[in-house]
**Q** 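Below is the structure I would like to discuss, written out as structure tokens.
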Amino acid sequence: MRLIAENLGGERGGERLFSGLDFTVSPGEALLVTGPNGAGKSTLLRIIAGLLLQADGTLRLEGAPDAYEGLVAASHYLGHLNAMKPVLSINENLRFWQEFNGTGQHSIEEALEFVSLGDIGHLPFGYLSTGQKRRASIARLLISDRPVWLLDEPTAGLDKASELQFARLMQSHLNEGGIIIAATHLPLGLDGARELSLGAVV
């Protein structure tokens with residue numbers, strides 16, 4: 001399985017942000033997308049996730065397991081927003097995403113234990129602190145099996161202990177043959193991660 005981008009270009013609001021991007025990410029590899037604000041990091045992730053159309057070029061996932069019909073179906077996207085309804089409990093939100101994305105190796109209870117929220121799954125999502133909301137959203141990555149993780153500033157709002165915990169989860173995903181592409185301003189503590197630097201908007 002390989003995620004391949006060739007001559008990829010992206011726009012936002014009719015303005016060209018990047019062009020001519022070529023990269024390949026193989027199982028067990030992490031690609032960190034860096035650059036100044038406005039360079040197109042989030043746009044690139046949203047294009048890979050199928051939420052935006054690319055302006056140029058091609059994207060494909062070669063050798064994907066039969067369970068996934070292409071790149072979009074094989075991807076988890078964790079954006080700036082946590083994609084959780086504030087009036088629903090953590091458990092109810094995760095149950096929705098599990099039914100939508102499919103059941104994975106970890107139950108909701110196990111996923112919440114991994115992110116140290118095991119005792120508050122009954123609380124409404126809107127009651128949580130910023131860091132707890134992010135950890136609950138990280139749990140969403142664990143309840144359904146998808147080999148490609150697309151992470152936009154994934155450690156935003158996390159304290160140091162939670163950052164280290166998430167680094168272990170990401171490393172475990174890579175060790176199991178997963179792929180991670182992350183837009184970040186900060187190191188994520190991943191062994192051998194490569195960097196794709198996007199320039200300033202021109």
Side-chain angles (χ1 to χ4, degrees), residues 25 27-37 41-42 44-46 48-49 75-98 100-101 103-197:
V25 192
E29 291 186 342
L31 181 67
L32 306 185
V33 184
T34 63
N37 292 336
K41 300 185 298 296
S42 296
L44 174 58
L45 289 189
R46 290 172 64 83
I48 298 171
S75 298
H76 268 312
Y77 173 71
L78 179 61
H80 289 292
L81 302 178
N82 292 305
M84 301 281 202
K85 290 188 176 293
V87 298
L88 297 181
S89 71
I90 304 171
N91 287 332
E92 288 170 332
N93 272 290
L94 292 178
R95 192 171 302 116
F96 165 81
W97 282 113
Q98 191 173 57
F100 185 82
N101 289 327
T103 302
Q105 296 180 16
H106 301 292
S107 67
I108 291 173
E109 293 74 18
E110 289 171 337
L112 289 178
E113 287 294 335
F114 277 127
V115 297
S116 302
L117 296 177
D119 56 345
I120 62 170
H122 62 285
L123 291 181
F125 185 79
Y127 284 17
L128 305 184
S129 70
T130 299
Q132 288 173 325
K133 288 177 179 177
R134 200 56 169 171
R135 283 188 278 149
S137 297
I138 289 169
R140 182 162 56 88
L141 302 173
L142 302 176
I143 58 174
S144 303
D145 294 333
R146 296 202 168 188
V148 180
W149 287 8
L150 306 172
L151 312 175
D152 199 348
E153 300 292 349
T155 58
L158 297 182
D159 58 26
K160 183 57 67 176
S162 297
E163 287 180 6
L164 293 173
Q165 182 185 53
F166 187 38
R168 290 193 293 270
L169 290 176
M170 289 188 288
Q171 192 63 57
S172 176
H173 179 66
L174 295 175
N175 293 344
E176 293 171 359
I179 286 172
I180 291 176
I181 301 179
T184 181
H185 287 96
L186 300 170
L188 297 181
L190 300 176
D191 296 337
R194 295 186 290 120
E195 181 177 340
L196 174 66
S197 180

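Source: prediction; values computed, not measured. Computed from heavy atoms alone, side chains included, the values below leave out hydrogens, waters and symmetry copies.
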**Q** Consider only side-chain N and O atoms of S172 and N175, and report whether a donor and an acceptor are under 3.5 Å apart.
**A**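 No, N175 and S172 have no side-chain donor paired with an acceptor closer than 3.5 Å.
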**Q** Please name the pair of heavy atoms, one in G177 and one in P27, separated by the smallest distance, quoted to 0.1 Å.
**A**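 It is O-CB, 3.3 Å.
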**Q** Residues in side chain to side chain contact (heavy atoms under 4.5 Å, CB included) with A167, at least two apart?
**A**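 In terms of side chain to side chain contact (heavy atoms under 4.5 Å, CB included), with neighbours along the sequence ignored, A167 is linked to no residue.
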**Q** With sequence neighbours excluded, what pairs up with Q105 under the side chain to side chain contact (heavy atoms under 4.5 Å, CB included) test?
**A**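 So Q105 forms a side chain to side chain contact (heavy atoms under 4.5 Å, CB included) with D145.
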**Q** May I ask you to test the Q132-L123 pair for a side-chain heavy-atom distance under 4.5 Å?
**A**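 Result no, sub-4.5 Å side-chain heavy-atom pair not found.
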**Q** Can you see which heavy atom on S144 is nearest to which on W97, and at what distance?
**A**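 What the structure gives for the nearest pair is OG-O, 4.0 Å.
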**Q** Rounded at 0.5 Å granularity, tell me how far CG in L150 sits from CG in L31.
**A**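 Spacing of CG (L150) from CG (L31) equals 10.5 Å.
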**Q** Nearest 0.5 Å please: distance from the CG atom of D119 over to the CD atom of E113.
**A**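 Between D119 CG and E113 CD, I get 7.5 Å after rounding to 0.5 Å.
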**Q** Using modelled atom types only, decide if a donor and an acceptor are shared between the side chain of S137 and the backbone of K133 within a distance under 3.5 Å.
**A**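 Yes; at least one donor-acceptor contact below 3.5 Å.
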**Q** Go through the side-chain N and O atoms of H185 and E153 and say whether any donor and acceptor fall under 3.5 Å apart.
**A**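 Result is yes, a qualifying pair exists.
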**Q** Do V25 and V148 come close enough that some side-chain heavy atom pair is under 4.5 Å?
**A**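 Result no, sub-4.5 Å side-chain heavy-atom pair not found.
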**Q** Rounded to the nearest 0.5 Å, how far does CZ of R95 lie from OG of S107?
**A**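 One gets 11.0 Å once the value is rounded to the nearest 0.5 Å.
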**Q** I need the D152 CG to R46 CZ distance, nearest 0.5 Å.
**A**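 The CZ atom of R46 is 9.0 Å from CG of D152, to the nearest 0.5 Å.
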**Q** Report the residues that fulfil salt bridge (Lys or Arg N to Asp or Glu O under 4.0 Å) with E163, sequence neighbours left out, ordered by chain and then residue number.
**A**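 For E163 the salt bridge (Lys or Arg N to Asp or Glu O under 4.0 Å) partners, ignoring immediate neighbours, are K160.
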**Q** Quick one: ring-ring contact (aromatic ring centres under 6.0 Å, His included) pairs with a partner in residues 103-141, sequence neighbours left out?
**A**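 Qualifying pairs: H106-F114.
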**Q** Please give me the minimum heavy-atom distance between L94 and I143, naming the atom from each residue.
**A**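 L94 and I143 have their closest heavy atoms at O-CD1, 3.2 Å.
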**Q** Search all heavy atoms of L174 against all heavy atoms of A30 and return the closest pair with its distance.
**A**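 Between these two residues, the closest heavy atoms are CD1-CB, 3.9 Å.
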**Q** Can you name the residues that form a side-chain hydrogen bond (donor to acceptor under 3.5 Å, both in side chains) with T184, not counting sequence neighbours?
**A**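 Not a single residue meets the side-chain hydrogen bond (donor to acceptor under 3.5 Å, both in side chains) criterion with T184.
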**Q** Tell me, which pairs form a ring-ring contact (aromatic ring centres under 6.0 Å, His included) where one or both residues lie in residues 158-180, sequence neighbours left out?
**A**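 Matches after skipping sequence neighbours: W149-H173.
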**Q** Do L44 and I181 have side-chain heavy atoms sitting under 4.5 Å apart?
**A**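 No, every pair of side-chain atoms sits at 4.5 Å or beyond.
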**Q** When rounded to the nearest 0.5 angstrom, what distance separates CZ in R135 from OG in S129?
**A**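 Between R135 CZ and S129 OG, I get 6.5 Å after rounding to 0.5 Å.
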**Q** How would you list, by chain and number, every residue that makes a side chain to side chain contact (heavy atoms under 4.5 Å, CB included) with L88, sequence neighbours excluded?
**A**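 For L88, the residues satisfying side chain to side chain contact (heavy atoms under 4.5 Å, CB included) (neighbours in sequence not counted) are K85, E92, N93.
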**Q** Taking G121's backbone N and O only, do any of them form a donor-acceptor pair with N91's side chain (distance below 3.5 Å, no angle check)?
**A**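 Yes; at least one donor-acceptor contact below 3.5 Å.
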**Q** Once you measure the plane-to-plane angle for F96 and F100, does it fall in the parallel (<30°), tilted (30-60°) or perpendicular (>60°) bin?
**A**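 F96 vs F100 ring planes: parallel.
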**Q** How close do L45 and L151 get, counting heavy atoms only, and between which atoms?
**A**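 Distance-wise, the nearest heavy atoms are CD1-O, 3.2 Å.
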**Q** Using modelled atom types only, decide if a donor and an acceptor are shared between the side chain of H80 and the backbone of A156 within a distance under 3.5 Å.
**A**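 Such a contact is absent between H80 side chain and A156 backbone.
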**Q** Using atom types as modelled and distance alone, determine if a side-chain donor or acceptor of K41 lies under 3.5 Å from a backbone N or O of P36.
**A**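 Yes, K41 side chain to P36 backbone: donor-acceptor pair under 3.5 Å.
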**Q** Mind checking what makes side chain to side chain contact (heavy atoms under 4.5 Å, CB included) contact with T34, not counting sequence neighbours?
**A**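 Residues passing side chain to side chain contact (heavy atoms under 4.5 Å, CB included) with T34: E195, S197.
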**Q** Using the side-chain hydrogen bond (donor to acceptor under 3.5 Å, both in side chains) criterion, which residues pair with E29? Sequence neighbours excluded.
**A**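 R194.
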**Q** Could you pull out all residues at least two apart from R134 that satisfy side-chain hydrogen bond (donor to acceptor under 3.5 Å, both in side chains)?
**A**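 R134: side-chain hydrogen bond (donor to acceptor under 3.5 Å, both in side chains) contacts with N82.
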**Q** What closest approach, in Å, do P154 and A183 show between heavy atoms, and which atom pair accounts for it?
**A**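 P154 and A183 have their closest heavy atoms at CD-O, 3.8 Å.
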**Q** Listed by chain and number, what are the side-chain hydrogen bond (donor to acceptor under 3.5 Å, both in side chains) partners of S116, not counting sequence neighbours?
**A**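 Partners of S116 by the side-chain hydrogen bond (donor to acceptor under 3.5 Å, both in side chains) criterion, ordered by chain and then number, come out as Q165.
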**Q** What distance do I90 atom CD1 and L128 atom CG have between them, rounded to the nearest 0.5 Å?
**A**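 CG of L128 is found 4.5 Å from CD1 of I90.
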